[in-house]
Amino acid sequence: MEKVIIYQVFTRLYGNRNTHRQENGTIEENGSGKMADFTPQVLKGLSQMGVSHVWYTGIIRHATTTDYTAYGIPRQHAAIVKGKAGSPYAITDYYDVDPDLAVDVAKRMEEFEALVSRTHEAGMKVIIDFVPNHVARQYHSICKPVGVKDLGEDDHTDRGFDPVNNNFYYCPGQRFTPYFDLYHGEAEPYVEEPAKATGNDHFDNAPGKNDWYETVKLNYGVDYYAGGVGHFEPIPDTWKKMTDILLFWASKGIDGFRCDMAEMVPAAFWKYATTIVKQKYKDMVFVGEVYNPQEYRNYIASGFDWLYDKVGMYDTMRAVICHQAPASAISSAWQRTDDIRDHMLYFLENHDEQRIASDFFAADAVKGVPGMIASLLMQQNPFMLYAGEEYGEHGMDKEGFSGNDGRTTIFDYWSIDTLCRADQKKLTTKEKQLFDIHKRVMQIARKEKAIREGVFFDVMYVNPQLERQYVFLRKAGKDLLLVAVNFDDYAVAVDVTIPAHAFDYLEVKEGIYPATDLLTKEKEDTLLKRDGSIRLTMDARGAYILKFKV
């Protein structure tokens, strides 16, 4: 049994070492990372850090203002592209690879296949995005296999909704008239008539500024014009087409799909598609972006292996890090999903969320360290790290369309400051220390049996005095770990009670045991006594990972 640690990379940014960083810059000005930047040496470094899965974000070809018509790739109208580079979630061809990522654009699929092979050779697995809910407004596949019909090719555009045949929703007789200028600097305006419904369930012809106006909603047989009634018999055409796309990418040797906005697509589709895919590729994993906790169990039953625990654990951990909630709130967060705990994906950063070091979150990456340690070590479930998080990436760049929002852009050509400086060996002492603690804890999570497969015991219920500290036990065989983290901004000495019930539940006998702090390698004999206490002295935002042989 392994501890899954997913490393999310925004592929277009990860390997880019161009530090020009012109706001709203073109690919010629700001450059783009390539799949080839993931050399065997780079991948070996990720594996040694403790990564088990690499999520390559933005692989499938999406809308962009960059002109690739010389390679037979259709141009996208600038009015319906967000940013110069475009969003990786506005797919223009489900069967193609983003040309920005290729050294040789004509061989972009071969370069992707080579990336999959290199990642596997480094001992890691590959996850890519599957974007099921919406596509770019000018979606058109030029790479679809022979005999495959394009999305919308046979649609009846005179109908707002057709339960079986239509892949899109329409506004019959109405032209697309969004809030913005449809020229956007081009000679001709963008024209769409009849208008298609917009990706964020906006079913008229005039999406606003905060809508996903660059995308169109896919029809999975749900009649939103009639209040969301599902028509799943016979099987909607979109189900078949999207399942074929999953099978196409699975055939490339990947190991998993991160499914964008999975809850905006009916669970019945996922049951249909995951069953078909897993019959052929039994080890394929599906990671769902689902934000409604009421739907978690429904989507797990529909074939998802892991779901974002955003509304629960992420929001709670962020509040604890920022001293907006007591550390005991973490106990409440895991208890709410205890019956499905192995399916919950914990994280502190991803492309949608603000960087810990940003002014909008904690303003200092060190403040996130106790949250990282707790998230990684408290359960057997997977953990996700976003590239740059391990160095304390600031996230305060004003990149262009993205603006200064505390996030690393997904819309613009850019490079990530800390990744560039790590490559040049120009990290600050603080950044090196951050990387070191991330690497040590990730390696502990991957190596220690008590973390990989051990039981978990939360001692917070007998320690109400702990306002800013979180403490728990993990045990497998004779290995007992006591993990304590300090969310306070100053050093503390706390007495932590270990209840008699923990001794019974974990089958531990009282006694004096040698304890090793896995973070510092320091050793000290420690008395473990039923309802007794252990004194822990922790640095500001510090931690203990004590290992006992019992």
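The figures that follow rest on heavy atoms only: side chains count, while hydrogens, waters and symmetry mates do not. For this chain, numbers begin at 1 and follow the sequence in order.
Comment: Asp96 engages Arg61 in a salt bridge, judged by a side-chain N to carboxylate O separation of less than 4.0 angstrom. A salt bridge is absent between Arg407 and Asp352; no separation between the charged side-chain nitrogens and carboxylate oxygens falls under 4.0 Å. Salt bridge annotation for Arg21-Asp397: absent, with no cationic side-chain nitrogen under 4.0 angstrom from a carboxylate oxygen. At a threshold of 4.0 Å, the pair Asp412-Lys82 does not count as salt-bridged, since none of the basic side-chain nitrogens sits closer than that to a carboxylate oxygen. Salt bridge Arg297/Asp339: present, at least one basic N to carboxylate O contact under 4.0 Å.
Side chain to side chain, Gln294 and Tyr296 fail the donor-acceptor criterion of an N or O pair below 3.5 Å. The closest side-chain donor-acceptor pair between Trp55 and Thr57 falls under 3.5 angstrom. Using a 3.5 Å distance cut-off with no hydrogens or angles, the side chains of Asn298 and Glu295 do pair a donor with an acceptor. Side-chain contact of Tyr170 with Asp158: a donor-acceptor pair under 3.5 Å is absent, judged by distance alone. A donor-acceptor contact closer than 3.5 angstrom is absent between the side chains of Asp155 and Asn165. A donor-acceptor pair shorter than 3.5 Å can be found between the side chains of Asp150 and His140. With hydrogens and angles left out, the side-chain atoms of Glu390 and Tyr7 include a donor and acceptor closer than 3.5 Å. Side-chain contact of Asp93 with His62: a donor-acceptor pair under 3.5 Å is absent, judged by distance alone. Between the side chains of Gln8 and His351, at least one donor N or O lies within less than 3.5 Å of an accepting N or O. Residues Tyr413 and Thr66 have side chains that bring a donor and an acceptor to within less than 3.5 angstrom of each other. For the residue pair Lys84/Asn24, the side-chain donor-acceptor check at 3.5 Å is not satisfied.
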Please walk me through it: do Tyr14 and Ile416 pass side chain to side chain contact (heavy atoms under 4.5 Å, CB included)? CA-CA 7 Å; Tyr14 184 84; Ile416 298 174; 5.8 Å; no
Working for side chain to side chain donor-acceptor pair (under 3.5 Å), residues Asp67 and Thr69: CA-CA 6 Å; Asp67 189 346; Thr69 52; 2.6 Å; yes
Can you check side chain to side chain contact (heavy atoms under 4.5 Å, CB included) on Asp260 and Asn133, steps first, answer last? CA-CA 8 Å; Asp260 184 67; Asn133 176 66; 5.7 Å; no
Show your reasoning for whether side chain to side chain contact (heavy atoms under 4.5 Å, CB included) applies to Leu13 and Thr408. CA-CA 9 Å; Leu13 302 183; Thr408 294; 3.5 Å; yes
Step-by-step salt bridge (Lys or Arg N to Asp or Glu O under 4.0 Å) determination, Asp162 to Arg159: CA-CA 7 Å; Asp162 184 302; Arg159 303 172 192 172; 2.5 Å; yes
Would you check, one step at a time, whether the test salt bridge (Lys or Arg N to Asp or Glu O under 4.0 Å) holds for Glu393 with Arg355? CA-CA 7 Å; Glu393 178 64 27; Arg355 294 284 192 176; 5.6 Å; no
Run the numbers on Phe232 and Trp239 for ring-ring contact (aromatic ring centres under 6.0 Å, His included), then give the verdict. CA-CA 9 Å; Phe232 305 148; Trp239 287 28; 5.2 Å; yes
Could you go through the side chain to side chain contact (heavy atoms under 4.5 Å, CB included) check for Leu218 and Phe168 one step at a time? CA-CA 5 Å; Leu218 282 167; Phe168 300 119; 3.6 Å; yes
Apply salt bridge (Lys or Arg N to Asp or Glu O under 4.0 Å) to the pair Arg118 and Glu111, showing each step before the final yes or no. CA-CA 10 Å; Arg118 286 197 305 279; Glu111 289 189 28; over 6 Å; no
Could you give me the CA-CA distance, side-chain angles and deciding distance for Asp305 and Lys278, then say whether salt bridge (Lys or Arg N to Asp or Glu O under 4.0 Å) is met? CA-CA 11 Å; Asp305 299 275; Lys278 290 185 179 190; 2.9 Å; yes
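Within 6.0 Å of atom CD in Gln324, more than 12 heavy atoms from other residues, nucleotides or ligands are found, so the atom counts as buried in its surroundings. Within a 6.0 Å radius of OH in Tyr225, more than 12 heavy atoms belonging to other residues, nucleotides or ligands are found.
Nearest heavy atoms, Asp342 versus Pro382: O-CD, 3.8 Å. The two residues Leu348 and Gly371 have their closest heavy-atom pair at CD1-C, 3.7 Å. Contact between Thr26 and Glu29 at its shortest, heavy atoms only, is N-OE1, 2.8 Å. The minimum heavy-atom distance between Asp37 and Asn16, with the atom names listed, is OD2-N, 4.3 Å. Here the closest non-hydrogen pair linking Met317 and Ser375 is CE-OG, 3.4 Å. Cys143 approaches Arg108 most closely through the heavy-atom pair SG-NH2, 4.0 Å.
Under a cutoff of 6.0 Å and an axis angle of 45°, Arg137 and Phe176 form a cation-pi pair. Geometrically, Arg258 does not engage Phe130 in a cation-pi contact defined by less than 6.0 Å to the ring centre and at most 45° from the axis. Both the sub-6.0 Å distance and the 45° axial angle are satisfied by Arg318 relative to the ring of Phe361.
The line from CD of Glu349 to OG of Ser358 is 8.0 Å long, rounded to the nearest 0.5 Å. For the atom pair NE2 of His134 and OG1 of Thr215, the computed distance is 5.0 Å after rounding to the nearest 0.5 Å. Here the CD1 atom belonging to Ile235 is positioned 7.0 Å from the NZ atom belonging to Lys240, to the nearest 0.5 angstrom. Rounding to the nearest 0.5 Å gives a distance of 4.5 Å between OH of Tyr346 and CE of Met378. Separation of atoms OG1 (Thr337) and CG (Leu307) is listed at 10.0 Å; rounding is to 0.5 Å. Taking NZ of Lys196 as the start and CG of Asn219 as the end, the distance is 13.0 Å to the nearest 0.5 Å.
Between Asn381 and Trp306, the closest side-chain pair of non-hydrogen atoms is not below 4.5 Å. With contacts defined as side-chain heavy-atom distances shorter than 4.5 Å, the pair Ser52/Glu2 qualifies. Side-chain atoms of Phe347 and Lys310, non-hydrogen and from C-beta on, do get closer than 4.5 Å to each other. When side chains are defined from C-beta on, Asp237 counts as touching Asn167, because their heavy atoms get closer than 4.5 Å. A heavy-atom distance below 4.5 Å is not found between the side chains of His53 and Met384.
Each of Phe112, Tyr281, Tyr95 was checked for a ring pair (Phe, Tyr, Trp, His ring centres under 6.0 Å) with Trp249, and the lone residue meeting it is Phe112. Of the options Phe257, Tyr220, Tyr94, a side-chain contact (heavy atoms from CB on, under 4.5 Å) to Pro132 is made by Tyr220 and by none of the others.
Between Tyr308 and Tyr314, the gap from one ring centroid to the other reaches at least 6.0 Å.
Counting only distance, with no hydrogens or angles, the side chain of Ser402 and the backbone of Glu399 share no donor-acceptor pair below 3.5 Å.
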